[in-house]
Asker: 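After the structure tokens below, expect a handful of questions from me.
All values reported here derive from a predicted model rather than from experimental measurement. Remember, it's 1-based here, ligands and their atoms both numbered in the order they're listed.
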Amino acid sequence: MKVYVLRIGHRPDRDKRITTHVGLVARAFGAHGFVLSPCDEKVLEKLRDVEERWGRLLEEIACTNSPLKYVKTWDGTVVHLTMYGLPVDSVIDEIRQKDKILVIVGAEKVPREYYELAHYNVAIGNQPHSEVAALAIFLDRLYGGAELYRQPVGGKLRIIPTEKGKKVVKVGEEGPSGGAPGVRAERGRGGRGEGVQGADEVRGHKRGATDRDLGDET
Ligand SMILES: C[S@@+](CC[C@H](N)C(=O)[O-])C[C@H]1O[C@@H](n2cnc3c(N)ncnc32)[C@H](O)[C@@H]1O
């Protein structure tokens, strides 16, 4: 399964923090790609910085100024998170069977076309709340919780879970039993470029094994 998150309706003057949180949730909760619309380099830079320090979980961090075209040319399943949609529990098993999923989250009012283009309009409860919460719960239901235990590739720092305090070590110094308990990332890192349509309209950053962020400090 390949999952991309498309954040639409971002307002650079007021949404930087919440959009960054959408991106961080996409990264930490199992998405393979994060696409922002409209483009805002500051937000993308922040996400790249997190990936550089904490390790690579996203295959692609990109933006588009033609979000509708991005959705129309997505060659997979389109899920739009909205409080007006169907209850997540009634559709999540079906969505989990799909190979390629684009999850759209809005900011303020989402244009009607997105509701029509979506294969699934999905509600995380039928009350208004937040795109950050909606995305987190959707991805957690999609992966059944396993996404929390993926291990990033490269980066500089790892957290050693502790009962109290903060234990952070450099990559390579985790020790034989270091690192978070759990499973390694189940998905492969291959298939870069999948899900990128209208390359002339998608400005992004694709990461390869030679990127500077793969170097560790040890
Ligand atoms: C500030 S909310 C706007 C609420 C909007 N009226 C709506 O259609 O959900 C911004 C985004 O959060 C997400 N969201 C908010 N509440 C949600 C809910 N109950 N279920 C699913 N998504 C939700 C949607 O993606 C929405 O575009």
Side-chain angles (χ1 to χ4, degrees), residues 1-40 42-44 46-47 50 57-58 60-74 76-98 100-148 195 197 201-202 204:
M1 194 196 318
K2 185 143 299 218
V3 180
Y4 269 50
V5 172
L6 172 64
R7 166 25 160 207
I8 59 171
H10 168 71
R11 295 159 296 183
D13 52 328
R14 49 188 293 193
D15 289 339
K16 274 189 175 34
R17 190 156 188 269
I18 192 159
T19 297
T20 301
H21 285 191
V22 172
L24 291 174
V25 164
R27 174 182 181 273
F29 286 66
H32 303 77
F34 175 73
V35 181
L36 172 60
S37 183
C39 292
D40 182 342
K42 284 221 161 66
V43 172
L44 301 185
K46 173 76 189 168
L47 294 175
V50 169
L57 287 169
L58 288 170
E60 188 177 0
I61 297 171
C63 70
T64 177
N65 289 321
S66 306
L68 212 48
K69 182 164 183 191
Y70 190 90
V71 175
K72 282 181 181 165
T73 54
W74 178 258
T77 301
V78 177
V79 172
H80 169 222
L81 297 184
T82 166
M83 65 180 181
Y84 302 107
L86 297 175
V88 61
D89 291 323
S90 71
V91 290
I92 199 71
D93 290 343
E94 204 174 300
I95 294 172
R96 203 180 290 116
Q97 305 308 313
K98 310 295 181 190
K100 223 176 138 185
I101 302 167
L102 180 66
V103 185
I104 304 171
V105 293
E108 245 186 344
K109 194 169 159 44
V110 173
R112 170 158 287 283
E113 280 162 295
Y114 289 94
Y115 291 79
E116 270 140 34
L117 284 169
H119 297 102
Y120 298 91
N121 286 291
V122 178
I124 309 297
N126 295 113
Q127 296 296 323
H129 47 82
S130 145
E131 48 272 55
V132 176
L135 180 62
I137 289 180
F138 176 80
L139 291 174
D140 193 59
R141 296 279 166 97
L142 187 69
Y143 291 114
E147 79 285 354
L148 299 181
Q197 296 95 21
E201 284 153 7
V202 177

Asker: Where do Val105 and Ile8 land on the side-chain contact (heavy atoms from CB on, under 4.5 Å) test, with the steps shown first?
Answerer: CA-CA 6 Å; Val105 293; Ile8 59 171; over 6 Å; no

Asker: Take atom NZ in Lys16; do more than 12 heavy atoms of anything else shown fall under 6.0 Å from it?
Answerer: yes

Asker: What part of Thr82 sits under 4.0 Å from ligand 1 if we count only heavy atoms: the side chain, the backbone, both or neither?
Answerer: both

Asker: Can you tell me which portion of Asn126 lies within the under-4.0 Å heavy-atom range of ligand 1? Options are side chain, backbone, both, or neither.
Answerer: neither

Asker: Quick one: does Asn65's side chain have a donor or acceptor within less than 3.5 Å of a partner on Pro38's backbone?
Answerer: no

Asker: Among protein heavy atoms, which lies nearest atom 9 (O) of ligand 1, and at what distance?
Answerer: Met83 N, 3.2 Å

Asker: Ignoring hydrogens and geometry, is there a side-chain-to-backbone donor-acceptor pair from Lys72 to Leu68 under 3.5 Å?
Answerer: no

Asker: For ligand 1, which atoms have a heavy atom of Tyr115 less than 4.0 angstrom away?
Answerer: 8 (O)

Asker: If you round to the nearest 0.5 Å, how far is CG of Leu81 from OH of Tyr114?
Answerer: 14.0 Å

Asker: Report, in ascending order of atom number, the atoms of ligand 1 lying under 4.0 Å from any heavy atom of Gly125.
Answerer: 18 (C), 19 (N), 20 (N)

Asker: Within this structure, what is the CG-CG distance for the pair Asp140 and Leu135, rounded to the nearest 0.5 Å?
Answerer: 10.5 Å

Asker: Roughly how far, to the nearest 0.5 Å, is the CG atom of Leu86 from the CG atom of Asn126?
Answerer: 9.0 Å

Asker: Give the residue and atom name of whichever protein heavy atom lies nearest to atom 15 (C) of ligand 1, and the separation in Å to one decimal.
Answerer: His129 N, 3.7 Å

Asker: So is Tyr114 touching ligand 1 or not, going by heavy atoms under 4.0 Å?
Answerer: no

Asker: Do me a favour and list the nearest non-hydrogen protein atom to atom 13 (C) of ligand 1 with residue, atom name and distance?
Answerer: Glu131 CA, 3.8 Å

Asker: Which bit of Lys109 is near ligand 1, meaning a heavy atom under 4.0 Å away: side chain, backbone, both or neither?
Answerer: neither

Asker: Quick one: does Val122 get a heavy atom under 4.0 Å from ligand 1?
Answerer: yes

Asker: For the residue pair Thr19 / His10, report whether a side-chain donor-acceptor contact shorter than 3.5 Å exists.
Answerer: yes

Asker: Is there a nitrogen or oxygen of Ala123 sitting under 3.5 Å from a nitrogen or oxygen of ligand 1?
Answerer: no

Asker: Taking distance alone, with no angle check, do Gly106 and ligand 1 share an N/O pair under 3.5 Å?
Answerer: yes

Asker: Please classify the Ala133 to ligand 1 contact at 4.0 Å (heavy-atom distances, strictly less than): side chain, backbone, both or neither.
Answerer: neither

Asker: If you have a sec, work out which protein heavy atom is nearest atom 2 (S) of ligand 1 and how many Å separate them, to one decimal?
Answerer: Ala107 O, 3.6 Å

Asker: I'd like to know if the side chain of Arg96 and the backbone of Arg141 have a donor-acceptor N/O pair within less than 3.5 Å.
Answerer: yes

Asker: Please write down residue, atom name and distance for the protein heavy atom closest to atom 19 (N) of ligand 1.
Answerer: Gln127 O, 2.6 Å

Asker: Using a strict 4.0 Å cut-off to heavy atoms of Val105, name the atoms of ligand 1 that fall inside it.
Answerer: 25 (O)

Asker: Provide, to 0.1 Å, the distance between atom 24 (C) of ligand 1 and the closest protein heavy atom, together with that atom's residue and name.
Answerer: Leu81 O, 3.0 Å

Asker: What about Ala134: any of its N or O atoms under 3.5 Å from an N or O on ligand 1?
Answerer: no

Asker: Could any protein non-hydrogen atom be found less than 4.0 Å from atom 21 (C) of ligand 1?
Answerer: yes

Asker: In ligand 1, which numbered atoms sit nearer than 4.0 Å to a non-hydrogen atom of Ser130?
Answerer: 12 (O), 15 (C)

Asker: Looking at Val110, which atoms of ligand 1 are within less than 4.0 Å of one of its heavy atoms?
Answerer: 27 (O)

Asker: Using modelled atom types and a 3.5 Å cut-off, is there a donor and acceptor pairing between side-chain atoms of Tyr4 and backbone atoms of Ala31?
Answerer: no

Asker: Using side-chain heavy atoms (C-beta onward) and a distance below 4.5 Å, is Leu6 in contact with Ile104?
Answerer: yes

Asker: What pair of heavy atoms forms the shortest contact from Cys39 to Thr64, and how long is it?
Answerer: SG-N, 3.7 Å

Asker: Looking at residues at least two apart in the chain, or sitting in another chain, which of them share a ring pair (Phe, Tyr, Trp, His ring centres under 6.0 Å) with Tyr115?
Answerer: His80

